[in-house]
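For the single chain, residues carry numbers from 1 onward in sequence order. Not measured: the values here are computed from a predicted model. Quick note: numbers below take in every heavy atom, side chains included, and nothing from hydrogens, waters or symmetry partners.
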Amino acid sequence: MFQKTLHASLTIALAIGFATSARSLNAQVTPPPTTGGLSTPPSMQRAPATTAATSVSGQLPRDANQEFRQYDLSRYTNNLSKIDKPEQAVVDWVLRETGTDVWFSEPFGFLSTNRNMLTTYHTPEMQAVVKKMVDRFVNGPTDPQILKMRLLTVSSPNWRARALPLIQDVNVQSPGVQAWLLTKENAAVLISMLSSRTDARESQNSQMTIYNGQTQSLSSTKGRTYVRTIRQASTVWPPYEPEISEVHEGYQLEISPLLDTDGKTIECVIRAQIDQVDKLVPVGIDLPLPNGQSHRTQIEVPQIVSWRLHERFRWDSDMVLLLSCGVIASPDRQTSSNPLLNLDRFIGNTPGRADALLFITFGGRAGEGLAPAPAPQAAVAGSPSRGRY
């Protein structure tokens with residue numbers, strides 16, 4: 001009897017213990033929320049992280065003796081009322097001179113502008129560079145200036161043999177590009193020599209009216225169509241049709257000239273881009289037909305020859321700057337109506353290639369005639385842009 005009573009007591013105790021443990025476990029563990037019968041991933045249960053930002057009050061850092069300065073641009077911008085954001089040219093040239101890294105690294109500094117004011121915060125040394133550049137806009141010529149651009153192409157680079165006594169070499173940073181300075185008399189002699197050649201052609205002869213420091217563009221491009229791919233079609237037989245696309249070839253030129261305050265020296269940033277479709281490479285494709293046969297067709301892949309220039313030059317404004325890009329894709333390729341008359345393959349020239357020559361002449365203030373060319377002066381080496389700008 002005693003053993004039965006003891007056994008019953010133990011059974012009741014164990015049952016009470018299991019029940020208590022179960023209630024405790026349920027109170028401590030909460031099942032994860034579900035969405036559509038599936039458990040929510042742990043990454044979605046946590047609140048999204050936010051970037052910490054600190055509000056700073058008080059004075060600007062002066063660990064490098066930085067100075068806060070404002071430059072009045074109104075004398076320059078008031079003359080360019082028809083140009084949208086003329087002050088951007090000032091920012092562009094400041095960044096070309098200082099580089100961009102100095103404004104986004106130590107020591108702390110900043111550069112901001114509106115139409116009438118350039119605001120900067122940087123070291124005294126950097127402020128001196130900024131002031132010198134701003135002076136070229138504010139105290140330089142405010143009237144529109146004339147810049148003459150003349151682009152010629154010559155199939156063979158052997159024109160240099162006769163031209164070397166007329167030209168003065170200038171340092172260039174871009175690979176494959178050569179630059180020279182000429183007097184205006186020597187430039188006229190050289191153009192006459194080139195024009196008498198049977199392989200020479202004038203692609204561009206224009207006169208640009210441009211304000212000091214602003215940027216102007218010249219371009220001549222044309223589209224060339226090709227079969228990019230083949231797509232299915234339900235209204236024709238065979239049930240495929242070509243998808244036509246277009247690639248543009250030609251040249252694009254951007255130039256930004258900036259004169260010194262006395263007008264005796266000119267500085268230019270030149271961007272040039274030439275693209276030429278060398279040929280369209282055919283690719284044959286076999287496409288299945290519903291009757292079990294196949295349809296033979298082809299697509300085309302453009303083989304493009306491209307050339308790029310981004311360079312900064314500085315020279316005396318009474319001289320002529322001549323640029324040669326080397327023998328590259330012709331910026332204005334001409335095809336002969338009679339292939340038998342194309343002598344390129346016989347004289348060793350690659351079809352569609354030419355030595356592109358760009359003559360840049362400063363013509364003074366718009367409306368004024370060109371002054372007589374003075375005696376030759378020493379060439380001024382090119383100055384590349386600093387930093388990434």
Side-chain angles (χ1 to χ4, degrees), residues 53-145 147 173 210-216 254-271 310-317 362 365 380-389:
T54 303
S55 178
V56 180
S57 59
Q59 296 183 349
L60 294 172
R62 297 200 67 238
D63 53 299
N65 297 321
Q66 293 99 313
E67 297 177 355
F68 181 88
R69 293 187 187 179
Q70 290 185 308
Y71 302 90
D72 186 4
L73 306 179
S74 57
R75 184 177 181 273
Y76 174 74
T77 56
N78 288 345
N79 291 281
L80 283 70
S81 58
K82 296 182 179 180
I83 296 180
D84 185 35
K85 294 185 176 180
E87 70 276 9
Q88 184 61 46
V90 181
V91 175
D92 292 344
W93 276 97
V94 167
L95 293 179
R96 287 172 185 142
E97 187 67 18
T98 65
T100 55
D101 290 342
V102 298
W103 302 102
F104 299 98
S105 58
E106 294 182 349
F108 174 79
F110 61 79
L111 176 72
S112 179
T113 186
N114 57 34
R115 191 175 185 92
N116 295 319
M117 193 72 65
L118 176 69
T119 302
T120 61
Y121 185 75
H122 218 287
T123 62
E125 294 78 14
M126 193 59 60
Q127 295 287 6
V129 176
V130 174
K131 182 180 183 303
K132 185 177 180 181
M133 185 58 67
V134 172
D135 283 343
R136 296 173 67 177
F137 284 87
V138 176
N139 299 321
T142 56
D143 297 328
Q145 306 293 314
L147 205 65
Q173 303 295 321
I210 187 169
Y211 283 93
N212 195 33
Q214 296 294 315
T215 301
Q216 195 157 325
E254 284 188 0
I255 185 166
S256 177
L258 181 64
L259 289 162
D260 276 348
T261 54
D262 57 7
K264 295 182 179 180
T265 305
I266 186 171
E267 197 164 0
C268 273
V269 173
I270 301 173
R271 287 177 181 264
H310 184 194
E311 191 80 18
R312 179 177 172 184
F313 298 95
R314 180 181 177 90
W315 73 97
D316 293 346
S317 60
F362 175 63
R365 188 168 59 184
V380 181
S383 174
S385 296
R386 298 170 177 81
R388 300 188 303 270
Y389 205 82

Under the side-chain contact (heavy atoms from CB on, under 4.5 Å) criterion, do Leu73 and Val90 qualify, and how do the steps go? CA-CA 9 Å; Leu73 306 179; Val90 181; 4.3 Å; yes
Between Gln214 and Ile83, does a side-chain contact (heavy atoms from CB on, under 4.5 Å) hold up when you go through it step by step?
CA-CA 10 Å; Gln214 296 294 315; Ile83 296 180; 3.9 Å; yes
- Query: Does the side chain of Thr120 come within less than 4.5 Å of Val94's, by heavy atoms?
  - Reply: no
Closest non-hydrogen atoms of Ser317 and Ile266, given as atom of the first, atom of the second and distance, are CA-CG2, 4.1 Å
- Query: Is the backbone of Phe104 close enough, under 3.5 Å, to the side chain of Thr100 for a donor and an acceptor to pair up by distance?
  - Reply: no
(Q) Quick check: do His310 and Val269 have side-chain heavy atoms less than 4.5 Å from each other? (A) yes
Closest non-hydrogen contact found for Ile255 with Leu147 is CD1-CD2, 3.5 Å
Test: Glu97 and Arg312 ion pair at under 4.0 Å: yes
Taking every heavy atom of Thr98 against every heavy atom of Trp103, the minimum-distance pair comes out as OG1-NE1, 3.1 Å
Q. Any side-chain heavy-atom pair from Asn116 and Thr77 closer than 4.5 angstrom?
A. yes
Closest non-hydrogen contact found for Tyr76 with Asn212 is OH-O, 2.6 Å
CD1 of Ile210 to CD of Gln216, rounded to nearest 0.5 Å, is 5.0 Å
**Q.** Backbone N/O of Phe108 and side chain of Gln66: donor-acceptor pair under 3.5 Å
**A.** yes
Pairing of Arg136 and Asp260 as salt bridge, 4.0 angstrom limit:
yes
> Can you find a side-chain donor-acceptor pair between Thr215 and Glu254 that sits under 3.5 Å?
Replying inline: no
Over 60° means perpendicular and under 30° means parallel, so tell me whether Phe68 and Tyr121 are parallel, tilted or perpendicular. tilted
Here the gap from Asn139 atom CG to Asp262 atom CG, rounded to the nearest 0.5 Å, amounts to 11.5 Å
Heavy-atom closest pair (Gln145 atom, Phe362 atom, distance to 0.1 Å) is OE1-CZ, 3.3 Å
Q: Using the side-chain hydrogen bond (donor to acceptor under 3.5 Å, both in side chains) rule, take Thr119 and Gln70 through it: C-alpha gap first, then chi angles, then the decisive distance, then the call.
A: CA-CA 4 Å; Thr119 302; Gln70 290 185 308; 3.2 Å; yes
Output for pair (Tyr211 OH, Leu259 CG), nearest 0.5 Å, gives 14.0 Å
**Message:** For Trp93 and Ser256, which I'm curious about, is there any donor-acceptor pair between the side chains at under 3.5 Å?
**Reply:** yes
Taken to the nearest 0.5 Å, the spacing of Glu67 CD from Leu60 CG works out to 13.0 Å
Q) Between Gln127 and Tyr71, is any side-chain donor less than 3.5 angstrom from a side-chain acceptor? A) yes
- prompt: Tell me, do Asp316 and Lys264 make a side-chain contact under 4.5 Å, heavy atoms counted?
  reply: no
In terms of heavy-atom contacts, Leu80 and Arg115 come closest through O-NH2, 2.8 Å
In terms of side-chain heavy atoms, does Trp315 have a donor or acceptor partner in Thr265 at a distance below 3.5 Å? no
Separation between NZ (Lys82) and CG (Asn79), nearest 0.5 Å, reads 12.5 Å
Test item: Asp72 and Val138 side chains (from C-beta on) under 4.5 Å apart, heavy atoms: no
| query | Does the His122 side chain pair with the main chain of Leu111, one donor and one acceptor, at a distance under 3.5 Å? | reply | no
CE of Met126 to NZ of Lys131, rounded to nearest 0.5 Å, is 16.0 Å
